Each structure stands twice: as structure tokens, then as C-alpha cells.
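Structure first, commentary second.
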There are 2 protein chains.
Amino acid sequence: MENKIFRNFLGEKGLKPTKERIAVLSEVFSFHGHFEPEYLYLRIKNAGSKASRASVYRTLSLLVDCGLVKKVTRTEKGNIYEHTYGHSHHDHMICDACGEIIEFYSEKLENLQDEICSENSFAGSSHTLEIRGHCKKCRTKQS
Amino acid sequence: MENKIFRNFLGEKGLKPTKERIAVLSEVFSFHGHFEPEYLYLRIKNAGSKASRASVYRTLSLLVDCGLVKKVTRTEKGNIYEHTYGHSHHDHMICDACGEIIEFYSEKLENLQDEICSENSFAGSSHTLEIRGHCKKCRTKQS
DNA sequence: CTGAAACTGAGATTGAATTGCAATTTAACT
DNA sequence: AGTTAAATTGCAATTCAATCTCAGTTTCAG
Ligand SMILES: [Mn+2]
Ligand SMILES: [Mn+2]
Ligand SMILES: [Zn+2]
Ligand SMILES: [Zn+2]
């Protein structure tokens, strides 16, 4: 489980599993979905643990490094993260009319991307595909 | 041509085609490829025109609004743009080590996306695919 | 021409993220 | 348990792209 993985990762790097780091780890895995560092910081505080903003940022980096967490996007505001351990990869379709988000996954699509990476001698490690348009509901509503 | 399009866009909004705005427009279309606002600012200066950083940022927003320019991605540093008018659709691979951006286009990939949209009764109108990883150069350098 | 509205540049401000550093904590080894 | 070096922390200072403020300037419809 994630605790084990993180402690292992820290051990290998000569880093220590301090309460602050563990508090961040626990909080990150205490809920599902996307989050901003500040939101995480507040949740930790609210949960009765303590970790400064600096520690939250620093630990978040470590979690990304060890693969438990992923930086989803950089928005105008700041970065958005999500924990990935225990979740499978998917991409998104977003309806420009109602904002609905449809998640999808296609093995074929993933393979095709790998092919394209090879063709370009690129070692792809992650990707973000966002398809924009109109969902069924909004399309029928329009007629 | 882009000049006409931009002036039209400005007119419709009650905005004025000032020398600064036109200088930014011209510079944006004076070369092909990706660029950061600061780089554009320096190019404009170097070209003998004048436009403050503030105007460059402000005009860049307008150009995006009117569809002549697109925000390609957001890096640790800042935004990266490209002019789209006169260019056909393509997606990007971005090297996490050196920042190089590789453009690619795959008919198969586009078709596959259309298929996936159909399967989800979604009318896709645009998409952004960004593959992150390491380019050939950075990968060999590492060994 | 004229005047109201739009625009500009310089510098101030914002805010997420990073960093310097003195004090504190950790844990390996007696 | 006690010692100690290395790691870690929090706070405040800093960074830096991006945005905003606002007084002076420019544009252009009438
Ligand atoms: Mn999702
Ligand atoms: Mn491109
Ligand atoms: Zn919809
Ligand atoms: Zn590279």
C-alpha cells in the first residue's frame, strides 16, 4: 500500500519518514479527486495534523517523484494534483455547453500514442488528452 | 489574412487597431514556432517597434480570443503560444528535460478519437493532446 | 476640429512556488 | 540512555510571470 511504497522510496534516498511527510501522504490518499496544494494544506490543518505550506509543497514533489501522485495540470492559478496509486489512467471529454466530463479509456489509443512516440524517438511517460465538444444531451436539446 | 481578421475582430468589439497591437500581431506572424511572451516582447523591441510588456500580454490575450493564436501549454516558467492561422492541426510532445517541443500529426489518431467520440455520443470539435517525456537527445545524454 | 472613450507604459501588486537559514528532529552508533 | 551528524522543519524573504493601477496619450466618430 501507498504507505509502504513511500517509506521505501524515502529509505532508498536516505530521507526520513517524518510526521509531516506522513501527514501529507495520508491526507493525499484520504480522498479521491483533484486538488491544489493550498487545499491540501488546509485539509491537513483541519485534520489536526501539522505541516507548513513549505512542507506540503516539498512532500508533494517527493510523492510525484515516487509515482504515487501525478501533476494533472497547470492552470492559471496553480498546479493541480491527484493521487494515482489505485486509480487507472483515463482521458477526458468536456462538454462546452454544460461542462459535463466524460472519462474514457482506449487501449488502441494508448498503443497508437506509443507508436507515435517511437516514430519520434521520444520516451513518453505521460499524456493528457482533452476532447472538447458537445455531449449528447446538449446536442439533442439544441434541436 | 491575419491582419484583416484581427482588425475585424477589434472592430466588432469596439477596440482600436493601435500601432502596439499591430506590432504584436506582425511579430507573432513573422516567424513560425512556439514562443513565450517575454521572447515576443524582446523580438518586437529588437524589430524597432515598441510595445510594453503589458501591451504584449494584453494583445496576446486578444489574439487568442479571436482564434489567431493558441496557448500551447503552460510550463513551470510560463505560457507558451503559437500562431495557428495558416497552420494545420497538430499535437505536441514536450521534453521534460530540455523543453523541446515536437509536433506530430496522425490521421489514425484523429480517426480513432472520432470513433471514441461516437461511442460516447459526443460531438467532438477540438482536442489537445500533450505527451510528456524525454526526447532522444536528453535520453542519450543521461547515459 | 473636438471630446469621450479607448489605450498605453511604468511601476506597483499579486500570488503560487521556492529558498535561506537557525532551530529542531531523527536515527545510527555507542 | 546519550551523543552526534545529517536531515528536516517553519518562517520569512524571495522569485518571477502575470495582472493591475492610473495619469498622461492617442484614436476616431461626429
Ligand atoms: Mn478524471
Ligand atoms: Mn505547435
Ligand atoms: Zn453537455
Ligand atoms: Zn529533451
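Computed from a predicted structure; not experimentally measured. Quick note: numbers below take in every heavy atom, side chains included, and nothing from hydrogens, waters or symmetry partners. Per chain, numbering begins at 1; letters A, B, ... match sequence-line order.
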Take a 6.0 Å sphere around NZ of A:K71 and say whether it holds more than 12 heavy atoms from other residues, nucleotides or ligands. yes

Look at [X] and [N] and indicate whether a side-chain polar atom (N or O) is within less than 4.0 Å of OP1 or OP2.
{"X": "A:Y57", "N": "C:dA17", "result": "yes"}
{"X": "B:S52", "N": "C:dT8", "result": "no"}
{"X": "A:R21", "N": "D:dT8", "result": "yes"}
{"X": "B:N79", "N": "D:dA18", "result": "yes"}

Reading nucleotides 22-30 of chain D from the 5' end, what letters show protein touch, with B for base, S for backbone sugar-phosphate only, - for no heavy atom under 4.0 Å? ----SBS--

If we count only N and O atoms by modelled type, under 3.5 Å, do the side chains of [X] and [Y] hold a donor and an acceptor together?
{"X": "B:H34", "Y": "B:E103", "value": "yes"}
{"X": "A:T128", "Y": "B:R132", "value": "no"}
{"X": "B:E130", "Y": "B:H92", "value": "no"}
{"X": "A:R139", "Y": "B:S121", "value": "no"}

[X] has an atom [atom1]; how far is it from atom [atom2] of [N], in whole Å?
{"X": "A:K13", "N": "D:dA6", "atom1": "NZ", "atom2": "P", "value": "20 Å"}
{"X": "A:E20", "N": "D:dC11", "atom1": "CD", "atom2": "C1'", "value": "14 Å"}
{"X": "A:L62", "N": "D:dT9", "atom1": "CG", "atom2": "C1'", "value": "13 Å"}
{"X": "B:L60", "N": "D:dA17", "atom1": "CG", "atom2": "C1'", "value": "13 Å"}
{"X": "B:R53", "N": "D:dC20", "atom1": "CZ", "atom2": "C1'", "value": "16 Å"}
{"X": "B:E38", "N": "D:dC16", "atom1": "CD", "atom2": "C1'", "value": "11 Å"}
{"X": "B:L40", "N": "D:dA18", "atom1": "CG", "atom2": "P", "value": "12 Å"}
{"X": "B:K77", "N": "C:dA17", "atom1": "NZ", "atom2": "P", "value": "15 Å"}

On the 0 to 90° scale, with breaks at 30° and 60°, tag the B:F35-B:Y81 ring pair as parallel, tilted or perpendicular. parallel

Once you measure the plane-to-plane angle for A:F29 and A:H83, does it fall in the parallel (<30°), tilted (30-60°) or perpendicular (>60°) bin? parallel

What residues form a salt bridge (charged side-chain N to carboxylate O under 4.0 Å, His left out) with A:K141, not counting sequence neighbours? none

Have a look at the helix from C:dC1-D:dG30 to C:dT30-D:dA1 and give the angle its two end axes make, five pairs each, rounded to 10 degrees. 30°

For B:S55 and for B:G14, find the nucleotide of DNA chain C with the closest heavy atom, then tell me which residue's nucleotide is more 5'. B:G14

Classify A:K50 by what it touches in the nucleic acid, base, sugar-phosphate, or nothing, heavy-atom distance under 4.0 Å. sugar-phosphate

Among B:R21, B:R43, B:K50, find the residue that satisfies the salt bridge (Lys or Arg N to Asp or Glu O under 4.0 Å) test when tested with B:E27. B:R43

